[in-house]
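Accompanying notes for the structure given below.
Side chains included, hydrogens not; waters and symmetry mates left out as well; all remaining heavy atoms used. Quantities reported herein were computed from a predicted structural model and do not represent experimental measurements. Counting starts at 1 for both ligands and their atoms, following the listed order.
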Amino acid sequence: MCRMCWALVVVLGISSGFMAYKFILSGSVEKSDDGRLAIQLTNGERDIVFTEMRTFLESVQQITQGVASKDFDAVAKAARKVGRAAQQAVPGTLVGKLPLEFKKMGFDTHTKFTQLALYAEQLSDGEQTLEQLGELLQNCVSCHAIYKIETTDNQ
Ligand code: HEC
């Protein structure tokens, strides 16, 4: 009888390990024709991600303009808008669908914007800001090279 218990424990252990892998590490992804991993989201979830993306782009534009006009308050303000503190609460279902690597890169991007804001305020050094921006943009490039979004809703 207890052998059965152990067998059950092992089976449950393996399957919950698999579930943990599936939901925490890999998220909800499919292979796609262009070689990227396609994250499977509903239209609403995609809209949340895209809205954040467009805010990223807007901040990059404002930071670049701020450096050109040596307005480091504007640089810091634009960077803070997408910094760690501005990170929005994301619905749990969406969090579960995003691969761990995606979340790490996203989190790191917010962190780098916060760092850029701090340096801009303290140093007011355009070259420093551009160097940080260049490094940060590497995250955008890497993530876009690996992932895309597909919607699971009928359209
Ligand atoms: C953690 C991953 C990740 C990071 C980091 C990231 N993006 Fe994205 N972004 C995506 C994905 C995935 C898409 C959807 C691409 C697709 O489906 O082809 C996207 C789409 C976009 C879009 C299109 C939005 C729309 O409304 O169509 C813009 C603009 C964008 N990203 C800008 C940026 C900028 C600027 C950065 C860096 C500051 C950045 N992203 C960082 C994953 C990321």
The atoms of ligand 1 lying under 4.0 Å from a heavy atom of Lys148, numbered in the order shown, are 12 (C), 16 (C), 17 (O), 18 (O)

- Can you label the angle between the His110 ring and the Phe56 ring as parallel, tilted or perpendicular, going by 30° and 60°? tilted

| query | Less than 4.0 Å between atom 23 (C) of ligand 1 and some protein heavy atom, yes or no? | reply | no

Applying the 4.5 Å side-chain criterion to the ILVMFWY set and letting contacts propagate, would Leu57 and Ile149 be lumped into a single cluster?
no

*Do other residues, nucleotides or ligands put more than 12 heavy atoms under 6.0 Å from the NZ atom of Lys77?*
no

Item to complete: Count the heavy atoms of every other residue, nucleotide or ligand shown that sit under 6.0 Å from OH of Tyr119, and state whether that count exceeds 12.
Response: no

query: Quick check: are there more than 12 heavy atoms from other residues, nucleotides or ligands sitting under 6.0 Å from NZ of Lys148?
result: yes

Is there a heavy atom of Glu150 sitting under 4.0 angstrom from any atom of ligand 1?
no

Glu150 atom CD: more than 12 heavy-atom contacts under 6.0 Å = yes

- Query: Can you find a side-chain donor-acceptor pair between Asp34 and Ser32 that sits under 3.5 Å?
  - Reply: yes

Ranking Phe113, Tyr147, Phe50, Phe102 by closest non-hydrogen atom to atom 14 (C) of ligand 1, top hit is Phe50

Checked atom 8 (Fe) of ligand 1: protein N, O or S atoms closer than 2.8 Å come out as Met53 SD, His144 NE2

Does Gln61 CD have over 12 foreign heavy atoms under 6.0 Å away? yes

>> Please check whether Ile149 reaches ligand 1 - meaning an N/O of the residue sits under 3.5 Å from an N/O of the ligand, judged on distance alone.
In response: yes

